[in-house]
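To start, the structure under review is shown below, and the notes come after it.
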Amino acid sequence: MKNAVYLAIRSLRWHFGRAVTIILCLALTLWLPLTVRLLLQQFRQEISARADSTPLVIGAKGSRIDLALHALYFEALPPGTTTSGDAREVQKTGLATAIPIYAKYRTQSREGQPGVPIVGTSPDYYRFRQLRIASGRIPSVLGDCVAGYNAAKRLQLKPGDTILSAPRNAFNLAGDYPLRMNVTGVLDAAHSPDDEVIFTDTKTVWIIDGIGHGHQDISKSSDQDLVLNRDGGKVTASAAVLPYTEITPGNLDSFHFHGNPAKFPLTAVLAIPDSEKSRVLLIGRYSSENPTAQCLKPPDVVAELLSVVFRIEQLVWVSSAIAVLVTSLLLALVMALSIRLRAAEMQTMYRLGCSRRTIIMLLGAELALMLFAGSVIAVTTAWISKQFIAESLRQLLF
């Protein structure tokens with residue numbers, strides 16, 4: 001066998017062009033299914049990891065998939081809004097820690113880059129997701145925000161900068177005013193959807209929503225456009241007095257909220273139970289008692305989505321199997337033609353004393369060497385492709 005391998009190597013070097021062509025065809029045929037397999041495996045890991053780390057999500061009844069994707073990735077629209085009262089009820093049960101999520105608005109474009117989602121939440125969220133500050137500090141007062149790693153990089157934000165929220169409706173005169181938020185910090189890279197958003201307090205998002213606002217103190221103002229009438233100590237403001245679009249230490253105390261705080265909207269609530277028993281009890285409570293809200297398990301919802309991915313993967317494998325079959329037939333044809341063209345060479349070897357078994361071993365060694373070389377190239381290029389495509393896939397997903 002050692003002699004057959006030596007002769008096969010010499011033969012491949014002599015027919016270098018033909019050997020390289022066959023090897024590259026084999027490598028390309030194997031590269032595609034291997035790369036798809038690696039990328040789909042990473043896709044499953046990335047998607048499942050975030051879902052598995054989130055025990056329960058509570059939100060308005062409707063599409064389970066939309067609610068789960070919204071709570072996990074902040075991009076999909078939720079089926080509706082729940083209330084801060086629901087979050088308080090979860091907290092009061094003592095079964096779980098309730099983390100509010102209110103992700104309804106985006107920032108305005110900056111430096112030629114489109115805006116990113118604004119996520120209102122509580123400090124518990126940073127601890128739950130194990131988010132670390134790279135520079136600056138966590139928001140502490142109304143109007144403060146912290147930028148995710150990629151969002152800060154793309155929008156060129158750093159501590160001390162400001163960024164404006166984007167109004168959902170430019171013709172809404174009753175609220176929804178752009179708010180200038182103060183960037184107090186930038187988060188370290190988490191390689192998750194948290195890198196792509198701006199985090200702030202839920203109260204700050206309620207101010208963007210028009211539920212809370214501040215007013216100018218015009219009692220000492222000399223601007224006639226702001227004062228409609230003065231009658232002694234009474235001052236009547238004109239319609240030119242609008243809610244503030246920036247929260248500063250000087251006007252912070254003037255901001256207030258209207259309505260019942262328990263009715264203030266949230267888009268989702270993350271429930272973090274302290275035990276498996278608490279998780280089951282909480283699921284049972286929402287399945288039987290609450291007609292307007294639902295409690296779902298993100299891993300189950302993501303598993304439903306991944307079932308679609310498995311179907312796509314099966315289609316890819318069928319296509320790859322067909323490609324491998326076609327390539328094998330072409331390789332068999334090439335080998336058959338090669339044997340026919342090398343008939344004189346084989347006859348000479350036979351006359352020199354080589355048995356038919358040795359000649360077959362020689363041809364088998366050539367085929368095995370080309371398959372080995374093609375496989376090595378395919379595996380190497382698939383691994384390199386995964387490294388280059390991995391970040392793009394992560395950005396596409398998150």
Side-chain angles (χ1 to χ4, degrees), residues 40-84 86-87 89-91 93 95-104 117 119-131 148 190-197 199 202 265-290 292-313 393-398:
L40 287 177
Q41 183 178 2
Q42 181 176 353
F43 175 84
R44 286 194 295 268
Q45 291 175 350
E46 298 278 0
I47 293 292
S48 300
R50 189 162 178 90
D52 293 340
S53 65
T54 308
L56 297 174
V57 171
I58 297 171
K61 283 198 171 179
S63 171
R64 299 170 64 251
I65 293 177
D66 288 344
L67 177 58
L69 292 181
H70 173 80
L72 295 176
Y73 307 110
F74 311 123
E75 287 292 347
L77 293 175
T81 57
T82 184
T83 64
S84 60
D86 288 330
E89 286 298 323
V90 172
Q91 199 72 36
T93 62
L95 299 174
T97 300
I99 302 178
I101 298 290
Y102 194 28
K104 181 180 177 182
V119 179
T121 186
S122 67
D124 290 331
Y125 185 87
Y126 307 109
R127 292 189 288 270
F128 170 62
R129 294 297 188 194
Q130 299 181 353
L131 302 179
H191 304 292
S192 72
D194 300 321
D195 293 336
E196 307 292 339
V197 302
F199 287 104
T202 52
L266 296 173
T267 50
V269 177
L270 303 184
I272 316 302
D274 53 10
S275 66
E276 179 63 21
K277 179 181 178 181
S278 297
R279 187 181 73 90
V280 174
L281 289 175
L282 193 59
I283 293 174
R285 180 184 295 262
Y286 272 86
S287 62
S288 59
E289 296 181 5
N290 199 312
T292 60
Q294 62 176 325
C295 181
L296 55 86
K297 296 180 286 186
D300 292 348
V301 178
V302 170
E304 294 178 15
L305 290 175
L306 289 180
S307 64
V308 178
V309 177
F310 291 145
R311 295 193 190 101
I312 297 175
E313 184 179 14
L393 178 64
R394 186 178 292 113
Q395 293 179 0
L396 179 63
L397 293 177
F398 303 142

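On a predicted model such as this, the values are computed, not experimentally measured, just so you know.
Note that CG of L95 and CD1 of I272 are 13.0 Å apart. Values are rounded to the nearest 0.5 Å. To the nearest 0.5 angstrom, Q91 atom CD is 7.5 Å from T93 atom OG1. Here the CG-NZ distance, from L77 to K104, works out to 11.0 Å after rounding to the nearest 0.5 Å. Between the NZ atom of K61 and the SG atom of C295 there is a distance of 11.5 Å, given to the nearest 0.5 Å. Distance check: L282 CG to K277 NZ gives 13.5 Å after rounding to the nearest 0.5 Å. Between the CG atom in D274 and the OG1 atom in T97 there is a gap of 7.5 Å [rounded to 0.5 Å].
With hydrogens and angles disregarded, no donor-acceptor distance shorter than 3.5 Å links the side chain of S278 to the backbone of P273. Within the 3.5 Å criterion, the main-chain N or O of L56 finds no donor-acceptor partner in the side chain of R279.
Between F128 and S122 the shortest side-chain heavy-atom distance does not fall below 4.5 Å. T121 places a side-chain heavy atom less than 4.5 Å from the side chain of I99.
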Inset, instruction - I would like to know whether I58 and Q294 meet side chain to side chain contact (heavy atoms under 4.5 Å, CB included); could you show each step before the answer? - result: CA-CA 6 Å; I58 297 171; Q294 62 176 325; over 6 Å; no
Inset, instruction - Apply side chain to side chain contact (heavy atoms under 4.5 Å, CB included) to R50 and D194, showing your working. - result: CA-CA 11 Å; R50 189 162 178 90; D194 300 321; 3.0 Å; yes
Inset, instruction - Walk me through it: do R129 and L270 pass the test side chain to side chain contact (heavy atoms under 4.5 Å, CB included)? - result: CA-CA 11 Å; R129 294 297 188 194; L270 303 184; 4.2 Å; yes
Inset, instruction - Could you please spell out the steps behind the side chain to side chain contact (heavy atoms under 4.5 Å, CB included) verdict for L296 and Y286? - result: CA-CA 9 Å; L296 55 86; Y286 272 86; over 6 Å; no
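A pairwise comparison of heavy atoms in A60 and G80 identifies CB-C, 3.6 Å as the closest pair. The two residues V57 and L67 come nearest to each other via the heavy atoms CG1-CG, 4.0 Å.
Using the six-membered ring where Trp is involved, F199 and Y125 have ring planes that are tilted, between 30° and 60° apart.
Checking each of L266, D124, T82 against P100 for a side-chain contact (heavy atoms from CB on, under 4.5 Å) leaves exactly one that passes, namely L266.
Residues meeting the ring pair (Phe, Tyr, Trp, His ring centres under 6.0 Å) test with F74, sequence neighbours left out: none.
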